[in-house]
Amino acid sequence: RMLLCVPLNVLETTSNVKQFLEAGRLITSDEKSTQDLEEQQIQHILDGSDDAVVVCDANGKIELVNPSTIKLTGLARDELIGNNIDSLLQTSFTSNDEFVKALFQESASSTQSSSSPSKPSGGNTPTGKEGDVFTGSKELRLSLKVGATVDVMVSVSRSVANGKVSFGLFMRNITDQREREQALAIEKQRAEAILLNILPRAIIAEMAVTDKSSKKQVIAHGYENVSVMFANVCGFSQLTKEMDAEGVVMLLNTLVCQWDKTAFQFGNAIEKIKTIGDIYMCCSGAPVECADNAEAIVEFAIALLAGLKEFNEQSKVKVNVKIGINSGPVVGGVLGAHKFVFDIYGDCVNVASRMQSNGVENRIQITQSTYEKLQGKGYKFESRGKVLIKGKGEMECYLIDPSCYNDDLDQGKLVGNLERTYSSRILQGNSTKTDAPVPNSTATQQLKEEQITEQTKATSSPPPVSQSASKL
């Protein structure tokens, strides 16, 4: 009863009386010494912690901070002690920093099962059973009053001791860690993009899951429904005999980069296999299945002719090509331990090569098997009858009639944007055809496009060739 006559501020500032009220009994000197020692030890731990530590009461009023909190926030100790937890933030935690309030609410509600109602703020002090402890953590971006923005991992601990509810916030600055992770992710994407310039995406995915403990790792598959194309620059040796080395490489590189860019626009429907000197080899249907592979490879061949037409209109060097296509089963796999490549093999490949070597300049020659696959697709054909093919004897061969695509070539529709009906359909569906893609990202695709674009800048103007080549 006598204590009721003592002013509240006196009770708060008189430690012995305050301890008596909190404990319900007088604290002995031994207990006081032990308690002081424990508090000193705790203070040493807090002072030496790299994490920012803030202790609040039930209403969010800051009671204790450690040096790391001052370093993180840029605020002085007296700017923090006695203020609400939202003083750490640019705005109140009830607006764009709901995480603080949510953490308090979550930790406060953890004691509701004890039949003691809990409220995080608003003047109502949450209560709970003596010894109750709750912990939780969230990762978030913290905007400080000093203007800095940092990524922090915030852990909240709620405890009830001596009838008093306390909240401890432990904040670890993870900004540098996030920046390192982002830099690592970018480098990983760049590595993936470089790898995609060497191997097909589906093969990369398969290599990634291959048992590393196996001493013999062989990636080999049979593909039953594939169309193979060879394109060869006609008379390349004669065309470049008066060029120097730089002129030869620049001319061939300009053509190949243009064809690579066109193949890239077809997505998974066209897979470049390799270049062999002045010969360009690609396929459709391997390693990713494409039901309309014959149609896709013919459309790519038409797009190749369109690009060549534009090239010849701008260049002093006039280039002609022979294109041969065959359809059938092939075997595909990865060879070598260093500078490995994905390649395809089989009679289908050999015959496609013969279609090119026995073809007609600036025309697309196909075999009987490809001809049958293209029936009802809107193409017209010219039969060449029986053609003697090395190693095969006489074979029925056909040429795609230019009348079914010349109008598009004249209008430039196939250059760059591939506006023909089937090509548009290929582009719309290619993203769903990869059955086992490696981790993909927009950055990887953009990087690959940038690499191709950088290489093909010369296609918008006559290719740089040597002085001797310009005489042609």
Do the side chain of [X] and the main chain of [Y] share a donor and acceptor less than 3.5 angstrom apart?
X    : Y    : result
N362 : V321 : yes
N320 : E361 : no
K380 : C404 : no
D292 : E295 : no
S357 : R354 : yes
S353 : V349 : no
N83  : E79  : yes
S49  : D51  : yes

Derivation of the side-chain contact (heavy atoms from CB on, under 4.5 Å) call for F381 and I400: CA-CA 5 Å; F381 308 91; I400 303 291; 3.6 Å; yes
Flag side-chain contact, heavy atom, 4.5 Å: [X] against [Y]:
X    : Y    : result
V331 : H221 : no
Y223 : P329 : no
K274 : I276 : yes
M229 : I323 : yes
T367 : V351 : yes
L335 : Y345 : yes
R363 : L305 : no
M355 : T370 : no

If we count only N and O atoms by modelled type, under 3.5 Å, do the side chains of [X] and [Y] hold a donor and an acceptor together?
X    : Y    : value
S369 : N326 : yes
K373 : N225 : yes
S284 : E271 : no
Y280 : D260 : yes
D278 : N232 : yes

CG/D50: more than 12 non-hydrogen atoms of other groups inside 6.0 Å: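 Counting neighbours around CG of D50, 12 or fewer heavy atoms of other residues, nucleotides or ligands fall under 6.0 Å, so no.
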R384 atom CZ, neighbour heavy-atom count above 12 within 6.0 Å: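 Yes, CZ of R384 has more than 12 neighbouring heavy atoms, counting only those of other groups under 6.0 Å.
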If you round to the nearest 0.5 Å, how far is [atom2] of [Y] from [atom1] of [X]?
X    : Y    : atom1 : atom2 : result
I70  : L72  : CD1   : CG    : 11.0 Å
Q182 : R178 : CD    : CZ    : 8.5 Å
N312 : L308 : CG    : CG    : 4.5 Å
F266 : C290 : CZ    : SG    : 10.5 Å
M243 : K241 : CE    : NZ    : 12.0 Å
M281 : I279 : CE    : CD1   : 10.5 Å

Parallel, tilted or perpendicular, as decided by the 30° and 60° cut-offs, for the rings of Y371 and Y398: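 Plane angle under 30°, so parallel.
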Steps toward side-chain contact (heavy atoms from CB on, under 4.5 Å) verdict (V387, M395): CA-CA 5 Å; V387 178; M395 294 185 67; 5.8 Å; no
Please report the shortest heavy-atom distance between [X] and [Y], naming the atom on each side.
X    : Y    : value
L199 : F340 : CD1-CE1, 3.4 Å
N84  : I62  : O-CD1, 3.8 Å
S157 : F170 : CB-CE1, 4.1 Å
N293 : G285 : CB-N, 4.2 Å
L388 : N358 : O-OD1, 3.9 Å
A352 : V228 : CB-O, 3.6 Å

Candidate pair N66 and T69, rule side chain to side chain donor-acceptor pair (under 3.5 Å), full reasoning: CA-CA 6 Å; N66 69 340; T69 304; 2.7 Å; yes
Full working for side-chain contact (heavy atoms from CB on, under 4.5 Å) between N173 and D151: CA-CA 6 Å; N173 190 341; D151 293 321; 5.6 Å; no
L196/R201 under side-chain contact (heavy atoms from CB on, under 4.5 Å): CA gap, chis, key distance, verdict: CA-CA 6 Å; L196 283 170; R201 184 183 299 277; 3.5 Å; yes
